Each structure stands twice: as structure tokens, then as C-alpha cells.
Amino acid sequence: ANGIYSSIILRTAPIISQAFEGRCVAGDDDAEETAGAVTIGGTSLDLGGAAHFAGMRIPGVTIPPDALVTSASLTLVSDTVNNTYSDLTIRGEAVANAAAYVVAPNDISGRNFTVASTQWVPDGWGVGDIEESPDVGAAVQEILNVAGWALGNAMNFIITGTDDSDRQIRTFEAGAVEAPLLRVEY
């Protein structure tokens, strides 16, 4: 039997992963709010507590608006020893270019949060420990999908908690290399 055979060779481009890393780079890039009162300029941020919000702004994010995020995390440096239970929630600010924090009533809690959130129940930590959050990629993706997102814009992340565990992390004022760090793979 004479048959005609054909073959198709498909060539695909390799998937190349890219990464972004950026930190809080100024005093107004990290702030905390308790019962509506915002504080900027301290060397640590408290995480957790009933009406408490800790905000971290990452300026100069060079991720294109059409990127597909595969993972993202916040890397924080602990400022205290703490082994008590903590139930934290991380959200982003759902805007195309996040503004720096200001000392104004409800400046953190009054912002538009992402629908995407990440629960974090961290293990105990000691002073100077490097703590990496669970994946916050869904919040990063939601921010990238906001109309108007462009290379070089800023992203905000807000951590809240349901307990008074008093976890503390270092801020930009504690040292630039200890400021909150965002890592994103896309």
C-alpha cells in the first residue's frame, strides 16, 4: 500500500521567566495606622491587631502590564522575638500607581484594596530573622490588570491581622537593606 505520510514539526519558543525585585526606598514608603491615626518615620511596623494596618509601597516596579505573574512574595526583616500565634492578611492596593503614605486620618485603611488576599500564619521569629510571606502573586496580577498600569509605577501592600501578636518588621528608616522587599516572577 502506498501511503502518503506527512509530518509537522512544531517549534515553540522557550518560556523565559523574568523577575523583579524592589524595596521601600523612602520614609513615606512604609507606614502604619491604628484606629485611623497614621504614623510615618518609625524604624519598625507592627503587624496584626484589630484596627491596625501596616502599609508598604514599592516604587519603580518594572513589570509590563501584560505580564503573567507566576509567583510573588514580600521579604521582611523581623524587629522582635515573637512566638505567639499570628493570623495576618496581605492585600494590595487596587490602583494603577500607588501614592506614598501621608499622615492623614485613615490614609491606609481608606485605600481601595485588591479582592485578592493572602493569609499568613507565620512561625515564630527572632530579631533580625528574614521572613518571607506566602505567595502574593494574585494581588500583584490584579494590580497589573488595573487600567493605566505602566512600567515604573508603584505598588502598595497592606498587612492586617486579627490578633494582637505584636509582630514587628523593620522599615526603610531602620536601614535601606532591611526595608520590605517585593519579589515577583513573571
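Since the model is a prediction, treat every value here as computed from it, not as a measurement.
- Leu88 and Ile169 fall within the same hydrophobic cluster, where Ile, Leu, Val, Met, Phe, Trp and Tyr residues are linked whenever their side-chain heavy atoms come under 4.5 Å apart, directly or through other members.
- Remark: the Ser73 side chain and the Glu132 side chain contain an N/O donor-acceptor pair separated by less than 3.5 Å.
- Cluster annotation: Ile158 is not connected to Ile58 through the hydrophobic network of ILVMFWY side chains, with a link wherever side-chain heavy atoms come within less than 4.5 Å.
- Side-chain contact between Pro180 and Leu74 is absent, with no heavy-atom pair separated by less than 4.5 Å.
- Side-chain contact check for Glu32 and His52: at least one donor-acceptor pair (N or O, by modelled atom type) lies under 3.5 Å.
- One distance of note links CG of Asp30 with OG1 of Thr43; it measures 10.0 Å at 0.5 Å rounding.
- Summarising the geometry of Ala96 relative to Gly148, their closest heavy-atom pair is CB-C, 3.5 Å, with the distance given to 0.1 Å.
- The distance from the CG atom of Asp107 to the CD atom of Glu33 is 7.5 Å, given to the nearest 0.5 Å.
- Within the 4.5 Å cutoff, the side chain of Gln18 has no heavy atoms near those of the Thr62 side chain.
- Atom CG of residue Leu45 and atom CD of residue Glu173 lie 8.5 Å apart, to the nearest 0.5 angstrom.
- Defined by atom type and a distance below 3.5 Å, a donor-acceptor pair is missing between the side-chain atoms of Arg167 and Thr80.
- Atoms CD1 and CG, on Ile130 and Leu181 in that order, are 9.5 Å from each other to the nearest 0.5 Å.
- Of all non-hydrogen atoms in Gln141 and Val69, the two that sit nearest each other are OE1-N, 2.7 Å.
- Side-chain contact between Ile63 and Tyr186: present, with at least one pair of heavy atoms (C-beta onward) separated by less than 4.5 Å.
- The closest side-chain heavy-atom distance from Arg111 to Asn106 is not below 4.5 Å.
- Not counting sequence neighbours, the partners of Val121 by the side-chain contact (heavy atoms from CB on, under 4.5 Å) test are Tyr85, Asp87, Gln119.
- Applying the salt bridge (Lys or Arg N to Asp or Glu O under 4.0 Å) test to residues at least two apart or on different chains, none of the pairs has a partner in residues 59-70.
- Inter-residue side-chain proximity for Ser86 and Trp120 is flagged as unmet; no heavy-atom pair is nearer than 4.5 Å.
- Counting only heavy atoms from C-beta outward, the side chains of Asn156 and Tyr101 approach each other to under 4.5 Å.
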Q. Can you list the steps and then say if Met56 with Ile159 is a side-chain contact (heavy atoms from CB on, under 4.5 Å)?
A. CA-CA 9 Å; Met56 290 148 276; Ile159 300 178; 3.4 Å; yes

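- Linking ILVMFWY residues whenever their side-chain heavy atoms come closer than 4.5 Å, directly or via other members, leaves Val95 and Leu144 in distinct clusters.
- Under a hydrophobic clustering in which Ile, Leu, Val, Met, Phe, Trp and Tyr are joined whenever their side-chain heavy atoms come within less than 4.5 Å, directly or via other members, Ile40 and Ile108 fall into the same cluster.
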(Q) What verdict does the side chain to side chain donor-acceptor pair (under 3.5 Å) test give for Glu131 and Ser78, after you've listed the backbone C-alpha separation in whole Å, the side-chain angles of each residue and the deciding distance to 0.1 Å? (A) CA-CA 7 Å; Glu131 303 297 331; Ser78 172; 5.6 Å; no

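- Rounding to the nearest 0.5 Å places CG of Leu76 at 7.0 Å from OG of Ser133.
- Contact record, Arg183 with Glu21: NE-OE2, 2.6 Å, taken as the closest heavy-atom pair.
- Of all heavy-atom pairs spanning Ala154 and Pro59, the tightest one is CB-CA, 3.7 Å.
- Under the 4.5 Å side-chain heavy-atom criterion for ILVMFWY residues, no single connected hydrophobic cluster contains both Phe172 and Val38.
- Between Leu182 and Met155 the shortest heavy-atom distance is CD2-SD, 4.2 Å.
- No side-chain heavy atom of Asn82 sits under 4.5 Å from any side-chain heavy atom of Gln168.
- In this structure, Phe53 and Phe113 have side chains that are in contact, with non-hydrogen atoms separated by less than 4.5 Å.
- In this structure, Ala179 and Cys24 approach most closely via the heavy-atom pair CB-O, 3.5 Å.
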